Amino acid sequence: MESSQQLTEYELKRLDNIRRNDQLMASLKIHSKVAELSAASKRQRVGIKSYKVSPEKKPKTETPIVIRRSLRTRGMPPDYSDSKGLGDIVEAADKVSKSPTSSKPSPRALGPLSVRDAYRGTGSDKLLIERIMEGSKKENKIFGDKNGGDLMEGVSESGSCLELESLSLNPENIARVVPGKILNVRFFPCSDRRIIVVGNKFGNVGFWDVDSGAHEEDGVYLYHPHPGPVSGISIHKHSLPKIFTSCYDGFIRLMDAEKEVFDLVYSTDGTIYSLSQRSDDVKCLYFSEGPGGLNIWDERVGKCSAQWNLHESRINTIDFNSENFMATSSSDGTACIWDLRNIGADKPKYLKEVRHKRAVQSAYFSPSGCSLATTSMDDTVGILSGANFDDNSMIKHYNQTGRWISSFRAIWGWDDSYVFIGNMKRGVDVISPAQRRTIFTLQSPHMSAIPCRFDAHPYNVGVLAGATSGGQVYMLTSD
DNA sequence: GGAGGTGTTAAAAAC
DNA sequence: GTTTTTCCACACCTCC
């Protein structure tokens with residue numbers, strides 16, 4: 001064994017650096033996060049696609065190391081007057097850092113974060129960035145040719161476009177994309193490719209390029225752009241290289257694959273619970289903030305163009321149909337439909353309200369826009385349909401997920417025939433709104449955890465992504 | 001009425 | 001293989 005006297009000056013200096021880095025990391029409380037990610041990478045099973053974490057990587061500008069305590073975590077009500085857009089960020093950072101009582105975020109942490117610095121993988125993410133850019137160029141060309149129209153493969157004019165019995169899980173289509181609980185899952189809106197984006201409770205954003213073919217990274221890429229749980233992911237069909245993500249800690253970032261940066265779009269002391277965009281508007285972001293607030297961020301003016309208080313408690317989802325209607329679901333036990341042309345600036349008035357007995361986790365419009373599906377902790381899935389959404393039916397569905405599993409959210413398939421929702425027996429329940437009952441349950445021996453959050457591929461009928469609270473993603477297909 | 005405490009639940013991590 | 005840990009939902013209970 002070498003004694004310290006035999007160490008070279010360089011080695012001593014290096015050990016000293018390591019010791020000081022350890023102290024710094026301990027003081028910033030990120031040791032646990034690193035250990036967690038390293039441990040997770042050791043545990044992965046052979047044969048299952050998984051993220052791989054680089055243990056050495058210590059980025060210079062790491063957002064998560066900033067101890068940033070929001071008003072909420074300090075037990076104080078949110079101060080909406082302090083919400084800052086991009087134009088005011090430097091000023092906001094200065095103001096906070098001068099405060100003697102609050103912890104001091106680095107102003108750099110409030111700026112853009114390079115994709116390279118946010119990356120946590122072992123290999124290169126060059127292939128992913130290339131794939132995203134390729135997909136974007138192709139989609140933009142298609143939309144240019146088709147004058148912006150949507151094209152869905154396999155949709156027939158009448159009846160359902162999907163044979164339920166053919167929906168299955170191929171063991172090849174399983175990947176561990178991030179560590180921990182997934183809160184959001186989205187397909188990249190690209191017609192000839194399956195790229196799945198997820199956000200987890202640690203602030204990671206993971207990508208799974210399903211059609212990548214076998215290579216070192218398994219097509220799985222892990223980033224860490226946020227300090228807290230990722231509450232929303234939005235990728236507009238007509239603005240493809242741009243991936244918006246929001247987090248509980250009050251940040252909205254834009255991953256621009258072209259610029260290779262996670263830009264900071266919006267920052268607030270409030271909690272951001274959900275994020276959405278309208279299909280006919282690429283310039284505005286709709287997001288929920290604090291207990292019941294809903295804001296519209298307008299990119300053209302660089303600030304919020306509207307701020308409403310629509311609910312008594314947090315807004316869990318925001319969705320739109322093509323008729324200027326917006327649906328919100330809230331933990332106050334209601335879901336509401338709003339007419340955006342006539343919402344009322346001061347005292348917003350809903351067009352329709354659905355009352356559940358407990359918190360409402362989601363409210364999504366059907367593909368036609370004529371129905372609404374709500375999911376509530378009161379063990380029902382509500383279907384609102386008919387003229388003026390006057391018909392309301394409540395379908396029994398067990399939704400008690402406990403605290404470790406993300407709450408269930410019923411989503412629509414590729415037409416108005418079916419609604420998909422997870423169940424506690426590691427299956428996917430299919431509800432028929434017409435029959436007002438669960439008509440089918442998809443189960444697979446390969447599904448080792450409960451799929452709780454879903455997304456239907458926007459162009460490929462029968463391609464359904466289910467995400468679990470252990471970081472796994474299942475891609476069901478109907479081949 | 002609201003602050004504070006607790007039970008629920010499944011999967012990963014640790015043993 | 002078994003036990004421990006996770007802990008940013010929510011509902012329900014008690015106490016003040």
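Predicted model only: the values in this text are computed from it and were never measured.
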*asked:* Using only atom types and a distance under 3.5 Å, with no angle test, would you say the side chain of A:R176 pairs donor to acceptor with the backbone of A:Q472?
replied: no

*Could you check whether A:Q361 gets within reach of a base, just the sugar-phosphate, or nothing at all, counting any heavy atom under 4.0 Å?*
sugar-phosphate

*Look at the side chain of A:F202 and decide which nucleotide, out of C:dC7, B:dA11, C:dC8, has an atom nearest to it.*
C:dC7

_Of A:K357 and A:P229, the one whose closest DNA chain C nucleotide lies more 5'_ = A:P229

*Nearest listed nucleotide, side chain of A:Y248, among C:dA9, B:dT9, C:dC7*: C:dA9

_Take a 6.0 Å sphere around CD of A:E312 and say whether it holds more than 12 heavy atoms from other residues, nucleotides or ligands._
no

_5' priority, DNA chain B, between A:G180 and A:M424 [closest heavy atom]_ = A:M424

*Where the side chain of A:N316 is concerned, which of B:dT9, B:dA11, C:dC10 is the nearest nucleotide?*
C:dC10

*Check the surroundings of atom NZ in A:K242: do more than 12 heavy atoms from other residues, nucleotides or ligands lie under 6.0 Å from it?*
no

_Rounded distance (Å) that lies between atom C1' of C:dC7 and atom NZ of A:K201_ = 7 Å

*Rounded off to whole Å, could you give me the CZ-to-P distance for the A:F408 and B:dT9 pair?*
13 Å

*Among A:D378, A:V381, A:V354, which one satisfies side-chain contact (heavy atoms from CB on, under 4.5 Å) with A:M394?*
A:V354

*Looking at A:S330, A:S288, A:S329, A:S362, which hits side-chain hydrogen bond (donor to acceptor under 3.5 Å, both in side chains) with A:T317?*
A:S329

*Would you mind building the protein contact string for nucleotides 2-8 of chain B? One character per nucleotide, 5' to 3', B for base within reach (heavy atoms under 4.0 Å), S for sugar-phosphate only, - for untouched.*
------B

*Residue-phosphate contact under 4.0 Å: A:R358 side-chain N/O, C:dA9 OP1/OP2*: no

_Distance check, rounded to the nearest 0.5 Å: A:W297 atom CH2 versus A:C304 atom SG?_
6.0 Å

*asked:* Expressed as a whole number of angstroms, how long is the span from A:R176:CZ to B:dA11:P?
replied: 11 Å

*To the nearest Å, give me how far apart CG (A:L183) and P (C:dC7) are.*
12 Å

*CG of A:D379 versus C1' of C:dC10: gap in Å, rounded?*
12 Å

*Would you indicate whether A:E172, at its atom CD, is surrounded by more than 12 heavy atoms from other residues, nucleotides or ligands within a distance under 6.0 Å?*
no

_Measuring only the P atom in each nucleotide, how far is C:dC13 from B:dT9? A whole number of Å is fine._
16 Å

*Separation of atom CD in A:Q472 from atom P in B:dA13, rounded to whole Å*: 11 Å

*Are A:F251 and A:Y266 near enough that their ring centres are under 6.0 Å apart?*
no

_Interatomic distance, A:N184 CG vs C:dA9 P [rounded to whole Å]_ = 12 Å

_Nearest-nucleotide pick for A:M377, side chain only, options being B:dT9, C:dC10, C:dC8_ = C:dC10

*What does A:S331 touch in the nucleic acid at a heavy-atom separation under 4.0 angstrom: a base, only the sugar-phosphate, or nothing?*
sugar-phosphate

*Between A:K181 and C:dA9, does any side-chain N or O lie under 4.0 Å from OP1 or OP2?*
no

_Using whole Å, what does the distance between atom C1' of nucleotide B:dA12 and atom CD1 of A:I48 come to?_
13 Å

*Of the nucleotides C:dA11, B:dT9, C:dC8, which has the atom closest to the A:A359 side chain?*
C:dA11

*asked:* Using the side-chain heavy atoms of A:R314, tell me which of these nucleotides is nearest: B:dA12, C:dT6, C:dA9.
replied: C:dA9

